[in-house]
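Take a look at the structure below.
Indexing begins at 1, ligand by ligand and atom by atom, following the structure's order. If you read the sequence from its start, that first residue is 1, and numbering goes on from there.
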Amino acid sequence: MKLQNKVALVTGGGRGIGKAIADRLAREGANIIVCDIDQATAEAAAKEISAMGVKAIGLVCDVSKSADVEEMVKKAVEAFGTINILVNNAGITRDGLLLRMKEEEWDLVLNVNLKSAFLCTKFAIKHIMRAGYGRVINIASVVGLMGNAGQANYAASKGGLIAFTKTVAKEFAGKGVTSNAIAPGFIRTAMTDKLKDEDKAKLTQFIPLGSLGEAAHVADAVAFLASPDAAYVTGQVLAVDGGMTM
Ligand code: NAP
């Protein structure tokens with residue numbers, strides 16, 4: 001129980017990796033704000049987490065929209081008085097080769113995956129600073145380190161998120177706030193369920209640990225970065241990828 005009485009806000013926390021992160025932080029004793037674009041999903045996740053004995057609320061928000069994020073942070077602070085941990089997890093893909101990629105697909109992915117982190121951090125950071133214990137944790141991707149054919153928009157958004165992470169680390173290092181990124185490899189969620197079985201088998205050949213990861217692997221890394229154990233860790237990118245990028 002390393003996060004008792006801390007308050008964590010997880011974007012895209014209704015399902016997939018975000019839900020696993022919200023559950024894991026709750027198991028450490030944190031109170032949780034589940035933010036999701038779908039109200040019913042956010043509320044159902046919060047209800048489940050409340051049953052673990054912490055306080056949890058679900059808030060609907062499109063993290064790519066400034067007004068939504070401002071309102072969501074306001075409601076979170078009204079409910080819990082503060083925010084300690086911000087996990088910028090919400091993300092989408094709209095894959096396609098560069099020559100066929102539409103401008104709208106580029107804009108949508110950059111807005112949901114990267115602009116969102118700017119907006120959530122901008123509106124939450126003053127509360128995080130005041131709290132005296134602050135963590136910003138951004139869920140990037142190995143693709144942001146390596147690039148990937150067919151994912152120019154997604155790779156650029158995740159590479160940008162890594163640069164953003166380091167900038168936040170530098171700007172807030174003196175204010176009790178650390179900022180780190182996690183670069184998951186291929187993790188079993190709805191996002192990767194879209195891949196054909198033969199493509200998953202091909203990918204597995206490049207994973208030294210020999211299998212796709214689970215959302216819980218990413219959540220465990222987030223729990224470490226959110227905890228006092230990571231007090232002297234900032235501006236880092238932790239790959240949770242079965243060894244893909246070593
Ligand atoms: P997922 O299963 O598709 O879940 C994404 C969550 O984000 C969903 O709850 C979704 O809500 C929510 N969301 C989408 N757009 C949003 C918006 N505009 N505002 C607020 N919430 C929004 O994806 P995942 O696999 O868990 O991925 C989570 C994060 O990990 C993403 O940033 C992804 O890029 C990153 N990642 C995943 C993998 C992987 O292999 N799965 C690898 C590397 C990095 P709805 O379901 O209601 O649309």
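Residue-ligand proximity: Ile139 is placed with a non-hydrogen atom under 4.0 Å from ligand 1. Note on ligand 1: Lys158 sits in its first shell, one or more heavy atoms being nearer than 4.0 Å. Not a single heavy atom of Ala183 lies less than 4.0 angstrom from ligand 1.
The part of Val112 lying near ligand 1 is the side chain, judged by heavy-atom distances below 4.0 Å. At a heavy-atom cutoff of 4.0 Å, ligand 1 is contacted by the backbone of Ala140 but not by its side chain. Counting heavy atoms closer than 4.0 Å to ligand 1, residue Thr192 contributes side-chain atoms (C-beta onward) but none from N, CA, C or O. Residue contacts with ligand 1 for Cys61 involve N, CA, C or O but no side-chain atom from C-beta outward (heavy atoms, distance under 4.0 Å). Residue Ile92 touches ligand 1 through its side chain alone, judged by heavy-atom distances below 4.0 Å. Contacts with ligand 1 closer than 4.0 Å are made by heavy atoms of both the backbone and the side chain of Asn89.
Between Cys35 and ligand 1, a contact under 3.5 Å exists for no N or O pair. For ligand 1, the polar-atom distance check finds no N/O of Phe186 at less than 3.5 Å from any of the ligand's N/O atoms. Residue Ser64 places no N or O, backbone or side chain, under 3.5 Å from any N or O of ligand 1. For the pair Asp62 and ligand 1, the shortest N or O to N or O distance falls below 3.5 Å. At under 3.5 Å, not a single nitrogen or oxygen of Asn113, backbone or side chain, sits near a nitrogen or oxygen of ligand 1.
Residue Leu59 holds its CG atom at 10.5 Å from CG of Asp36, rounded to the nearest 0.5 Å. Taken to the nearest 0.5 Å, the OG1 atom of Thr234 stands 9.5 Å off from the CG atom of Leu225. To the nearest 0.5 angstrom, Asn31 atom CG is 11.0 Å from Leu25 atom CG.
Of the charged side-chain nitrogens involved, at least one lies within less than 4.0 Å of a carboxylate oxygen, so that Glu48 and Lys19 count as a salt-bridged pair.
In this model, no donor atom of one side chain and acceptor atom of the other lie less than 3.5 Å apart for Asn180 and Gln236. Between Thr93 and Lys194, the side chains place a donor N or O and an acceptor N or O closer than 3.5 Å (distance only, hydrogens not considered). In the model, Asn113 has a side-chain atom that pairs as donor or acceptor with a side-chain atom of Ser157 under 3.5 Å.
Distance from atom 37 (C) of ligand 1 to its nearest protein heavy atom, with residue and atom name: Ile17 CD1, 3.6 Å. Protein heavy atom nearest atom 19 (N) of ligand 1, with residue, atom name and distance: Val63 N, 3.1 Å. Of the protein's non-hydrogen atoms, the one nearest atom 42 (C) of ligand 1 is Gly185 O, 2.9 Å. Given atom 3 (O) of ligand 1, the protein heavy atom at minimum distance is Arg15 NH2, 3.7 Å. If you check which protein heavy atom lies closest to atom 7 (O) of ligand 1, you get Gly12 CA, 3.4 Å. For atom 25 (O) of ligand 1, the nearest protein heavy atom (residue, atom name, distance) is Thr189 OG1, 2.5 Å. Among all non-hydrogen protein atoms, the one lying nearest atom 48 (O) of ligand 1 is Ile37 CG2, 3.7 Å. When only non-hydrogen protein atoms are considered, atom 40 (O) of ligand 1 lies nearest to Ile187 N, 2.7 Å.
Those atoms of ligand 1 with a heavy atom of Ser141 less than 4.0 angstrom away are 43 (C), 44 (C). Close approach of ligand 1 to Asp38 (heavy-atom distance below 4.0 Å) involves ligand atoms 47 (O). The distance from ligand 1 to the heavy atoms of Gly16 drops below 4.0 Å at these ligand atoms: 2 (O), 26 (O). Near Tyr154, with a cut-off below 4.0 Å to any heavy atom, the atoms of ligand 1 are 33 (C), 34 (O), 35 (C), 36 (N), 43 (C), 44 (C). Taking every heavy atom of Ala90 and a limit of under 4.0 angstrom, the matching atoms of ligand 1 come to 7 (O), 21 (N), 22 (C), 32 (O).
With a 6.0 Å cutoff to the six-membered ring centre and a 45° limit on the axis angle, Arg135 counts as a cation-pi contact of Tyr133.
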*Using the side chain to side chain contact (heavy atoms under 4.5 Å, CB included) rule, take Val143 and Lys158 through it: C-alpha gap first, then chi angles, then the decisive distance, then the call.*
CA-CA 7 Å; Val143 164; Lys158 296 301 187 177; 5.6 Å; no

*asked:* Ile139 vs Val222, test: side chain to side chain contact (heavy atoms under 4.5 Å, CB included). Steps then yes/no.
replied: CA-CA 9 Å; Ile139 307 303; Val222 172; 3.9 Å; yes

*When you look at Ile83 and Val73, which way does the side chain to side chain contact (heavy atoms under 4.5 Å, CB included) test go after all the steps?*
CA-CA 9 Å; Ile83 300 169; Val73 169; 4.1 Å; yes

*Can Val136 and Ile125 be said to form a side chain to side chain contact (heavy atoms under 4.5 Å, CB included), step by step?*
CA-CA 9 Å; Val136 177; Ile125 199 77; 4.2 Å; yes

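Residue Glu78 places its CD atom among more than 12 non-hydrogen atoms of other residues, nucleotides or ligands, all under 6.0 Å distant. The neighbour count for Lys166 NZ, taken as heavy atoms of other residues, nucleotides or ligands under 6.0 Å away, does not exceed 12.
For the pair Phe186 and Met244, the minimum side-chain heavy-atom distance is below 4.5 Å.
Each of Asn88, Thr121, Asn89 was compared with Asn138 under the side-chain hydrogen bond (donor to acceptor under 3.5 Å, both in side chains) criterion, and only Asn88 meets it.
Closest heavy-atom approach to atom 11 (O) of ligand 1 within the set Asn111, Asp36, Leu161, Thr93: this belongs to Asp36.
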